[in-house]
Amino acid sequence: MSDPFDLAQAVEPVSAGAAPGGTVAVPPYFAGLNEAQAEAVAITEGPLLVLAGAGTGKTRVLTTRLAHILRSRLAWPSQMLAVTFTNKAAREMRERVGALIGAAVEGLWLGTFHSNAVRILRRHADLVGLKSDFSILDVDDQLRVMKQVIEDANIDEKRWPARALATLIDRWKDKGLRPDMLDRDEAAGFAQGRGGALYAAYQERLRTLNATDFGDLLLHTLTLFTSRTDVLAEYQERFRYILVDEYQDTNVAQYLWLRLLAQRHRNLCCVGDDDQSIYGWRGAEVGNILRFEQDFPGARVVRLERNYRSTPHILGSASKLIAHNQGRLGKTLWTDDADPGEKIVIRGVWDGDEEARLVGEDIEALQRAGHRLNAIAILVRASFQTREFEDRFLTIGIPYRIVGGLGFYARREIRDIIAYLRVIHQPDDDLAFERIINVPKRGIGEATLQAMHQLARHERRSLYRVAGTLLATDELRPQVRRVLGELQASFERWRAAAAQTALPVLIATVLAESGYAEMWQLARTVDAPGRLENLKELLSATETFETLTAFLDHVSLVMDNDAQAGGDAVNLLTLHSAKGLEFDTVFLPGWEEGLFPNQRTLDEGGLAALEEERRLAYVGLTRARQRVRISYAANRRVYATWQAALPSRFIAELPPEHAEHAAEHGMYGRTVRGLEDGAAATPSPGPSSFGRRFGNRIASGGAVAGGERLSGEIDLTPAGEFRTGMRVFHQKFGYGAVLAVEGNRLDIAFEKAGRKKVVDSFVAPV
DNA sequence: TCTCCGTCGCTTTTT
DNA sequence: GCGACGGAGA
């Protein structure tokens with residue numbers, strides 16, 4: 001692997017600032033901060049790492065710090081950059097800072113890495129080969145492009161799936177690596193050494209689409225900063241103070257990005273907790289936070305260790321557990337709470353059904369004791385685990401909500417209609433156009449699309465434009481031509497209307513005139529009414545947007561999980577999406593070897609992966625304010641078959657003085673006998689099916705399909721070589737003679753098919 | 001172009 | 001055990 005820090009080496013290290021630090025008078029908003037918190041707020045100058053343990057008042061410190069800098073007139077809002085990972089976190093911060101200092105938050109650069117990057121990139125898009133109205137692809141689009149690239153390279157997509165390539169490329173982008181920066185070993189990682197070439201082809205394709213994916217937003221800004229020092233200098237000068245939340249989750253690209261921006265003023269404050277780094281599998285580098293003091297010489301480190309959230313028993317358990325990890329910066333959470341609270345309860349159960357039943361009973365008991373369901377959460381390792389609980393809760397009538405899951409904008413009907421809007425906004429958005437060209441069904445099928453693609457590639461124009469050309473020919477069947485013509489006419493109409501129509505009205509028009517709404521009205525599936533509901537919801541959600549562009553930007557960046565506020569309900573969510581949240585009562589089911597820690601993760605990532613799993617357990621425990629109930633089942637259904645399972649190793653890492661096994665049900669005992677019946681006697685159910693398949697992919701050799709792609713010769717036909725009288729061949733219409741040439745359109749008398757107008761790229765001279 | 005059927009593959013997912 | 005996807009046939 002090449003040194004991911006190549007880029008950094010081109011950059012001066014951020015040196016120690018002579019930090020004046022501290023403030024003179026103590027402003028009122030310092031009241032109530034503990035000593036460490038106050039320090040984290042007051043040290044405004046120079047690099048600062050705030051190690052904020054779970055429940056130590058991190059958000060409060062962040063917002064107070066922001067307010068403090070603004071109040072002290074150290075910087076104008078427009079000179080501050082505050083970066084979060086989620087839109088939700090950004091929103092919360094904006095609200096809380098707003099509450100502290102009022103309207104001055106206007107002008108603050110507060111947002112996610114991605115939204116801040118877009119803001120910069122739109123201004124300078126031309127410098128990295130994009131137009132400023134570039135579109136931001138979501139994962140689906142990304143995958144579709146990837147498939148095209150793989151297909152174009154004549155690689156068998158079965159053997160080398162687009163998914164895998166996408167992951168590979170994403171990881172490169174996470175590291176800040178452009179195609180030209182890969183070293184040989186890395187580039188050879190896919191389809192017998194063609195990974196690097198495919199990456200380059202993919203980037204090229206995105207450029208012609210005037211599009212970026214998520215990783216590009218950062219990568220392109222990095223390119224911009226390193227290639228144009230004048231632009232970089234402008235932003236370096238502007239951002240006097242930079243604040244970063246959840247620093248343990250930054251990837252290399254983000255690190256480099258921050259490092260470049262912070263270079264001038266050196267006032268970079270990063271807040272994070274190495275023990276809560278759980279996104280390594282997505283390219284996050286715990287190393288960033290571990291290395292902070294080396295990266296930024298002279299950095300100060302403040303530890304927030306006083307916990308205001310959990311009971312001593314919970315804290316004691318969490319601390320003991322996480323102590324099993326190596327390579328931590330080390331913190332010890334403490335609380336001066338005199339009441340130790342309830343011990344953590346650990347329960348072994350027979351199977352998933354019993355587990356769900358038990359949790360259900362507990363919740364009912366809590367409910368009777370006056371606890372609110374909103375304050376109860378069930379945190380699972382994998383989302384499919386929620387199903388058993390849902391089933392049970394439906395049966396016994398406990399209201400619940402799934403937190404996370406498919407976000408509003410990820411739903412099919414919403415994506416479809418957004419595709420319509422994207423085409424209205426940017427007719428050249430091929431991916432969007434392709435998505436809806438036959439939705440609802442118009443009879444425009446694969447064959448038509450194929451022809452359009454061929455022509456589009458040949459003429460280097462978009463599908464939408466090409467459609468216009470084809471409509472003037474006999475290339476398409478009359479039926480298809482009519483329908484496509486109507487569609488295009490509709491788009492022209494909508495586009496003309498877009499400028500002076502309110503967004504909800506525009507969308508309603510599109511829904512009605514495209515037949516899309518009707519499609520769902522006629523559908524007699526169970527989900528149809530819900531989808532129509534969602535579309536209605538979209539209408540009201542768009543009311544607040546001034547322009548179509550503003551809305552589309554919002555959509556690409558804010559794949560918000562609409563906070564299903566609702567009434568009082570139990571929360572079902574994954575451990576990953578629980579980070580940053582807290583609940584009175586937390587249930588942690590499924591603590592079994594193979595499931596948690598997850599076997600596949602272990603297979604792929606070894607010790608580092610195990611430690612990340614442990615951090616996940618730590619995150620789970622520290623979500624709880626008052627009580628934690630852990631459970632493990634002796635038998636777990638994995639896909640079709642029953643697997644025997646052993647308790648998670650993490651259970652043994654919980655200290656008996658803080659965590660106790662509930663009285664034996666006698667149920668778990670049966671397991672052991674069950675085990676002897678010949679099922680796997682090894683601890684983990686996992687490695688059997690999971691890991692192996694991945695191995696196959698690497699082991700098996702040749703791709704290659706090739707040969708059969710039609711019409712290489714047609715693609716190669718140079719333009720303008722047709723003359724009147726020339727004899728030609730057309731795939732569909734057969735042989736004929738050219739009667740007239742009008743630009744790229746030919747008027748041809750075919751021997752069998754009669755007189756037709758066709759596009760020259762579909763015709764070969766003979 | 002649509003529909004039916006067999007095969008494959010199965011974790012987490014802030015943007 | 002289930003859904004997504006691709007190929008074959010109507």
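Protein chains get the first letters and strands the later ones, always in sequence-line order, with residue 1 at the start of each. Only a predicted model underlies this, so the values are computations on that prediction, with no experimental measurement involved.
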Study note, to complete from the structure: Taken to the nearest whole Å, CG/A/Asp174 to C1'/B/dT14 is 13 Å
Exercise for review: Would you mind reading off the distance between A/Lys88 atom NZ and B/dT15 atom P, rounded to a whole angstrom?
Suggested key: 10 Å
Practice item. Would you check if A/Glu285 and A/Tyr255 make a side-chain contact, meaning some heavy-atom pair closer than 4.5 Å? Key: no
Point to revise | Heavy-atom side-chain contact between A/Asn598 and A/Glu613 under 4.5 Å | key: yes
Point to revise | Whole-Å gap separating P (B/dT12) and CG (A/Leu602) | key: 16 Å
Practice item. Go through B/dC10, B/dT13, B/dT14 for me and flag the one nearest to the A/Arg600 side chain. Key: B/dC10
Review point. Which of the following nucleotides, B/dT12, B/dT15, C/dG6, is nearest to the side chain of A/Arg282?
Key: B/dT15
Review point. Within the structure, does a side-chain N or O atom of A/Ser383 lie under 4.0 Å from either OP1 or OP2 of B/dT12?
Key: yes
Provide a list of protein-nucleic acid N or O atom pairs under 3.5 angstrom, restricted to nucleotides 1-7 of chain B.
residue, atom, partner, partner atom, Å
B/dT1, OP1, A/Glu446, N, 3.0
B/dT1, OP1, A/Ala447, N, 3.0
B/dT1, OP2, A/Gly445, N, 3.2
B/dT1, OP2, A/Thr448, OG1, 3.3

Point to revise | Whether A/Trp281 stacks on the six-membered ring of B/dT13 base, 5.5 Å and 30° limits | key: no
Exercise for review: With sequence neighbours left out, write down each residue that passes ring-ring contact (aromatic ring centres under 6.0 Å, His included) with A/His114, or none if nothing qualifies.
Suggested key: A/Phe214
**Study point:** Rounded interatomic separation in angstrom, taking CZ from A/Phe384 and C1' from B/dT13
**Key:** 15 Å
**Study point:** Distance, rounded to the nearest Å, where A/Leu572 contributes CG and B/dT12 contributes P
**Key:** 14 Å
Check your understanding: Base, sugar-phosphate alone, or nothing: which one does A/Tyr279 contact when heavy atoms must sit under 4.0 Å apart?
Key -> base
Review point. Can A/Asp152 and A/Gln148 be counted as having a side-chain donor-acceptor contact under 3.5 angstrom?
Key: no
Check your understanding: Quick one: ring-ring contact (aromatic ring centres under 6.0 Å, His included) partners of A/Phe650, sequence neighbours excluded?
Key -> A/Phe596
Exercise for review: Would you mind reading off the distance between A/Arg163 atom CZ and B/dT12 atom C1', rounded to a whole angstrom?
Suggested key: 13 Å
Review point. If the P atom of B/dT12 is compared with that of C/dG3, how far apart are they to the nearest Å?
Key: 16 Å
Check your understanding: Does a side chain donor of either A/Tyr618 or A/Gln276 reach within less than 3.5 Å of an acceptor in the other side chain?
Key -> no
Practice item. Could you state the atom-to-atom distance from CG of A/Leu137 to P of B/dT15 in whole Å? Key: 17 Å
Point to revise | Distance test, side-chain N/O of A/Asn87 to OP1/OP2 of B/dT15, below 4.0 Å | key: yes
Point to revise | Polar contact flag, side-chain donor to acceptor under 3.5 angstrom, A/Gln142-A/Asp170 | key: yes
Practice item. Name the nucleic acid region contacted by A/Thr84, choosing base, sugar-phosphate or nothing; use a 4.0 angstrom heavy-atom cut-off, strictly under. Key: nothing
Practice item. Would you kindly give the CG-to-P distance between A/Leu110 and B/dT15, to the nearest whole Å? Key: 14 Å
Check your understanding: Any side-chain N or O of A/Ser115 less than 4.0 Å from the OP1 or OP2 oxygen of B/dT15?
Key -> no
